[in-house]
Amino acid sequence: MASGASAHDLIVAWLHAAAEPLSGAELARRLGCSRAAVHKHVEALRAAGWHIEGQHAQGYRLVGAPDRLDAATLGPRLAGRWRRIVSLAETDSTQRVACELARQGTEEGTTVIADRQTAGRGRLGRSWYSPAGANLYCSIVLRPTVAPARVPQLALVIGLAVAETVSATSGLSAALKWPNDVLVRGRKAAGVLTEMEAEVECVHHVIAGIGVNLNAAGFPPELAATATSLRLEAGRAVDRVGFTAALLAAVERRYERYLAEGFAPMRHEWEQISWLRGKEIRVTSSEGVLEGRVLGVDDDGALELATPLGRRRIVAGEVTLRDPVV
Ligand code: BTN
């Protein structure tokens with residue numbers, strides 16, 4: 001246990017790790033205090049939103065955490081090596097905060113989470129709808145030892161981790177729209193924004209920003225036709241703490257694998273859930289507009305397109321369907 005952890009943190013961690021209820025006497029022994037003091041701590045935790053069943057005589061059992069994304073709720077659930085959580089009630093954008101921490105040298109895996117963003121950013125200069133108390137907005141500091149030109153692949157890898165977590169935690173089937181939109185039943189449930197600071201040959205850091213619409217009950221009119229939340233699709237509320245812990249573990253696992261083996265081993269998995277496969281699309285990029293049928297993604301994560309002029313490889317751009325269903 002980390003030194004400096006409070007009695008509350010320790011009680012939560014022990015109850016979380018225990019297979020059986022822990023008695024007040026056992027908690028008192030571990031903390032080196034009286035059973036009455038343990039009882040007071042448990043009451044304070046309950047008042048702060050922790051669901052703890054039981055009495056000090058029979059033993060305490062942790063059955064639920066408060067719906068709050070911070071180090072206290074996430075700490076006991078983190079499964080990987082990334083441990084630093086910076087939690088904010090409100091900020092303009094977690095991307096900005098994470099970038100500042102990265103410049104100051106924070107450790108890899110530092111994750112900034114905000115309950116609400118006042119200027120959440122999306123890809124291509126768009127904004128990201130970020131109301132309070134409903135969704136997940138996080139930015140993870142990465143220091144990949146790859147050439148800057150390979151960093152766009154990371155966005156695909158992270159998209160895959162998000163889609164995997166959506167499917168695993170909600171039972172919904174998540175699809176990926178290249179490069180990294182996560183769709184459920186054709187509507188966007190999550191997005192990934194990767195931003196990098198680099199020199200020509202060396203990446204200083206990448207900020208992987210992930211927004212997941214978990215419990216949003218609705219969207220502003222301009223998004224209503226294209227966006228959705230896991231709650232709207234599954235018909236039940238999502239456990240934000242459980243989802244976030246699972247997502248961070250999935251991102252870390254995929255990231256480590258990417259650093260060791262590159263994107264190629266994940267290509268098949270990515271294509272299995274590609275929403276665009278076989279579809280006629282239009283890609284708009286700084287180089288103009290290209291139309292064609294999607295063949296798949298290649299080992300570098302580029303989109304392969306069959307066009308009237310032959311096969312083309314797309315490394316960046318905004319994709320729209322040529323014949324949208326809606
Ligand atoms: C997209 O346009 O699909 C990407 C959306 C990324 C949104 C997330 S929310 C957390 C992080 N902070 C931001 O300002 N943006 C990203």
Side-chain angles (χ1 to χ4, degrees), residues 69-70 74 82 85-103 106 109-142 151-163 165-166 174-184 186-197 205-216 219-220 222-223 225-230 238 240 243-244 247-248 250-251 273-276 283-285 301 303 316-320:
L69 299 174
D70 58 23
L74 284 165
W82 294 346
I85 303 286
V86 177
S87 165
L88 304 163
E90 179 181 302
T91 188
D92 51 351
S93 163
T94 55
Q95 291 294 100
R96 178 191 61 75
V97 180
C99 181
E100 277 176 17
L101 291 174
R103 287 177 184 164
T106 193
T110 297
T111 302
V112 180
I113 302 180
D115 192 50
R116 170 173 186 256
Q117 296 184 118
T118 53
R121 302 207 302 264
R123 287 178 62 236
L124 306 167
R126 300 198 182 107
S127 59
W128 187 256
Y129 177 59
S130 309
N135 301 321
L136 169 64
Y137 320 112
C138 70
S139 297
I140 308 171
V141 176
L142 302 175
V151 167
Q153 295 169 2
L154 251 184
L156 273 73
V157 171
I158 289 160
L160 190 53
V162 179
T165 309
V166 167
L176 283 164
K177 178 179 171 231
W178 189 90
N180 50 24
D181 287 352
V182 178
L183 310 185
V184 175
R187 291 177 187 226
K188 184 157 165 173
V192 177
L193 173 68
T194 41
E195 296 178 314
M196 160 171 78
E197 287 194 348
H205 62 253
V206 170
I207 308 297
I210 305 170
V212 189
N213 300 328
L214 294 177
N215 288 325
F219 291 88
E222 66 278 13
L223 296 175
T226 53
T228 193
S229 71
L230 303 193
V238 175
R240 288 200 299 166
F243 182 93
T244 305
L247 176 69
L248 294 179
V251 171
I273 57 169
S274 169
W275 187 71
L276 290 176
V283 187
T284 310
S285 73
L303 191 66
E318 169 69 346
V319 172
T320 47

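Since the model is a prediction, treat every value here as computed from it, not as a measurement. Note that ligands are numbered from 1 as they come in the structure, with each ligand's atoms numbered from 1 the same way.
- Contacts between Ser130 and ligand 1, counted as non-hydrogen atom pairs separated by less than 4.0 Å, are absent for every part of the residue.
- Counting atoms of ligand 1 from 1 in the listed order, those under 4.0 Å from a heavy atom of Lys188 are 1 (C), 2 (O), 3 (O).
- Taking 4.5 Å as the limit, some side-chain heavy atom of Val283 sits within range of a side-chain heavy atom of Val319.
- Residue-level proximity to ligand 1 for Ile210 is carried by the backbone, the only part with a heavy atom below 4.0 angstrom.
- Atoms of ligand 1 found under 4.0 Å from any heavy atom of Ser139, numbered from 1 in the order shown, are 11 (C), 12 (N).
- Heavy-atom minimum distance, Leu193 versus Gln95: O-NE2, 3.5 Å.
- Taking every non-hydrogen atom of Asp181 and a distance limit under 4.0 Å, the qualifying atoms of ligand 1 come out as 3 (O).
- Tyr137 OH to Thr244 OG1: the interatomic distance, rounded to the nearest 0.5 Å, is 11.5 Å.
- Contact check for Leu160 versus Leu176: side-chain heavy atoms found under the 4.5 Å cut-off.
- Ligand-side atoms of ligand 1 in range of Gly122: 1 (C), 2 (O), 4 (C), 5 (C), range being under 4.0 angstrom from any heavy atom.
- Using a 4.5 Å cut-off on side-chain heavy atoms (C-beta onward), Thr94 and Gln117 make contact.
- Heavy-atom contacts of Gln95 reach the following atoms of ligand 1: 11 (C), 12 (N), 13 (C), 14 (O), 15 (N) (cutoff under 4.0 Å).
- Close approach to Val192 involves these atoms of ligand 1, each under 4.0 Å from a residue heavy atom: 3 (O), 4 (C).
- For atom 2 (O) of ligand 1, the nearest non-hydrogen atom of the protein is Arg123 N, 2.6 Å.
- Under 4.0 angstrom from ligand 1, there are no non-hydrogen atoms of Leu124.
- In this structure, the protein non-hydrogen atom closest to atom 11 (C) of ligand 1 is Thr94 OG1, 3.3 Å.
- Contact check for Phe243 versus Asn135: no side-chain heavy atoms found under the 4.5 Å cut-off.
- Asp181 is not listed as a side-chain neighbour of Trp275, based on a closest heavy-atom distance of 4.5 Å or more.
- By the 4.5 Å heavy-atom criterion applied to side chains, Val251 and Val192 are not counted as neighbours.
- Every N/O-N/O distance between Trp128 and ligand 1 stays at or above 3.5 Å.
- Regarding atom 9 (S) of ligand 1, its nearest protein heavy-atom neighbour is Gln117 NE2, 3.5 Å.
- Within the structure, the closest approach of Arg126 to ligand 1 does not fall below 4.0 Å when heavy atoms are considered.
- Near Gly120, with a cut-off below 4.0 Å to any heavy atom, the atoms of ligand 1 are 14 (O).
- Interface atoms of ligand 1 facing Ser93, defined by a heavy-atom separation under 4.0 Å, are 12 (N), 13 (C), 14 (O).
- Between Leu69 and Asp115, the closest side-chain pair of non-hydrogen atoms is not below 4.5 Å.
- For the side chain to side chain contact (heavy atoms under 4.5 Å, CB included) criterion with Pro179, the lone passing option out of Leu156, Leu303, Thr194 is Leu156.
- Comparing Arg121, Arg96, Lys177 by heavy-atom distance to atom 6 (C) of ligand 1, the nearest is Arg121.
- You'll find the side chain of Ser229 reaches within 4.5 Å of the side chain of Phe219, heavy atoms only.
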